[in-house]
Protein chains: 2
Amino acid sequence: MMRDSQDTWLPQPALDEIDIGQVLQALADPVRLQIVRLLAAAGEGSCTSLDVPVKRSTVSHHLRTLRESGVVATRLVGNTRLSRLRLAELEEHFPGLMTSILAATPRGRQLEVTHGR
Amino acid sequence: MMRDSQDTWLPQPALDEIDIGQVLQALADPVRLQIVRLLAAAGEGSCTSLDVPVKRSTVSHHLRTLRESGVVATRLVGNTRLSRLRLAELEEHFPGLMTSILAATPRGRQLEVTHGR
DNA sequence: TCTGTCATACGATGCTCATCGTACATGACG
DNA sequence: CGTCATGTACGATGAGCATCGTATGACAGA
């Protein structure tokens, strides 16, 4: 596998372009919050590797939302896309934000039967 | 005016009952985020004193959401209800969370023409 | 008591978006 | 080349909820 510096990354907002409002909206969704926790635990993850109770296309949509808001960064390796949290950058810009969220004990009902179809 | 210890307070979740997911959902709304910033600047605020581009009944709804999620505390004084941020408590439970959010520069489009009616 | 202000409750409305299924593109592997 | 897996794009659908107007209750002051 190649080094990170040689990988191709999907477009993402720069540090000073990250809007705290969009970050909060991204983290407000239960499934996305669960994805964030899984990424924090596993380091990286893809659409199929993340264990969330939604279909793959929905996970892809959530990862896109997280990336466009600046929460995760995605690099292309072969046919898969590996996403990871931008923890260091976020901690620099919003000290304590992600740390407190990840440290917080997930209270009940994290995975309900949703609507959709 | 009476001392805080003698005031009547609306019911609110205890510190260890606050769910980070509900807090994030509460802060995700642009109007509520603006209310939070106004409260941080003014110390306290009521439905009519807060300068937000929505009707009074909507502000009341938002303040209720913020209170039930644990972000603000509301005390009854006379005929009005004064709400304030639970900054110290939140900082204790989620260090850096509110601090980073309040310190973040509010990027564009904070007050768009919304739907509703 | 009467009036005005404050806040909430309630129902209605319609936008937002989370979700899904399907189709399609791309890369890996024979 | 063909086959399979991965991920995304797209359109459709429906639940959630932000918003409003109105009605209601409570308090303050004259």
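Order of the sequence lines fixes the chain letters, A, B, ..., with proteins taken first and strands second; residue numbering starts at 1 for each chain. In this text the structure is predicted, and so the values were computed from the model without any measurement.
- Distances shorter than 4.0 Å separate none of the side-chain N or O atoms of B:Arg81 from OP1 or OP2 on D:dA26.
- Rounded to a whole Å, the CZ atom of B:Arg67 is 8 Å from the P atom of C:dT8.
- A:Arg56 comes within 4.0 angstrom of a nucleotide base, judged by non-hydrogen atoms across all strands.
- Of all nucleotides listed (D:dC20, D:dT6, D:dA18), D:dT6 comes nearest to the side chain of A:Thr48.
- Under the 4.5 Å side-chain contact rule for hydrophobic residues, B:Leu15 and B:Leu24 share a cluster.
- Listed nucleotides: D:dA18, C:dA9, C:dG21. Nearest to the side chain of A:Lys55: C:dG21.
- With rounding to whole Å, B:Leu66 atom CG is found 10 Å from D:dA18 atom P.
- Side-chain atoms of B:Leu85 and B:Val71, non-hydrogen and from C-beta on, do get closer than 4.5 Å to each other.
- When the nucleotides D:dG7, D:dT19, C:dC6 are ranked by their closest atom to the side chain of A:Thr80, D:dG7 comes out on top.
- In this structure, B:Arg64 and B:Glu68 have side chains that are in contact, with non-hydrogen atoms separated by less than 4.5 Å.
- Side-chain nitrogen and oxygen atoms of B:Thr58 include none within less than 4.0 Å of the OP1 or OP2 phosphate oxygen of D:dA18.
- In this model, the phosphate group of C:dA7 is not approached by any side-chain N or O of B:Arg64 to a distance below 4.0 Å at OP1 or OP2.
- With rounding to whole Å, A:Asp29 atom CG is found 12 Å from D:dG16 atom C1'.
- Distances were taken from every side-chain heavy atom of A:Ser60 (C-beta onward) to each of D:dT19, D:dG7, D:dC17; the shortest belongs to D:dG7.
- Closest approach to the A:His62 side chain among D:dA18, D:dG7, C:dT19 is made by C:dT19 (side chain taken as heavy atoms from C-beta onward).
- The distance from atom CD of A:Gln25 to atom C1' of D:dC17 is 13 Å, rounded to the nearest whole Å.
- Using a 4.0 Å cut-off, some side-chain N or O of B:His61 falls inside it from OP1 or OP2 of D:dA18.
- One N or O on the side chain of A:Ser100 and one on the backbone of A:Gly96 form a donor-acceptor pair closer than 3.5 Å.
- Shown here are the side-chain contact (heavy atoms from CB on, under 4.5 Å) partners of B:Ser49, two or more places apart in sequence or in another chain: B:Ser46.
- At whole-Å resolution of the value, CG in A:Leu63 and C1' in D:dG7 are 10 Å apart.
- Rounded to a whole Å, the CG atom of B:Leu27 is 12 Å from the P atom of D:dA18.
- With rounding to whole Å, A:Trp9 atom CH2 is found 17 Å from D:dG7 atom C1'.
- Nearest to the side-chain atoms of A:Ser46 among the listed nucleotides D:dG7, C:dC20, D:dC20 stands D:dG7.
- DNA chain D is contacted by both A:Asn79 and A:Thr74; A:Asn79 maps to the nucleotide lying nearer its 5′ end (nearest heavy atom per residue).
- Between its opening and closing five pairs, the helix from C:dT1-D:dA30 to C:dG30-D:dC1 changes axis direction by 30°, a value rounded to 10 degrees.
- A side-chain donor-acceptor contact under 3.5 Å links A:Thr99 and A:Glu91.
- Nearest to the side chain of A:Ser57, among C:dT22, C:dA18, D:dA18, sits C:dT22.
- Across the protein-nucleic acid pair, A:Leu82 atom CG and D:dT8 atom C1' stand 16 Å apart, rounded to whole Å.
- Between the side chain of B:Arg32 and the backbone N or O of B:Ala26, at least one donor-acceptor pair lies under 3.5 Å.
- No side-chain donor-acceptor contact under 3.5 Å links B:Gln34 to the backbone of B:Val31.
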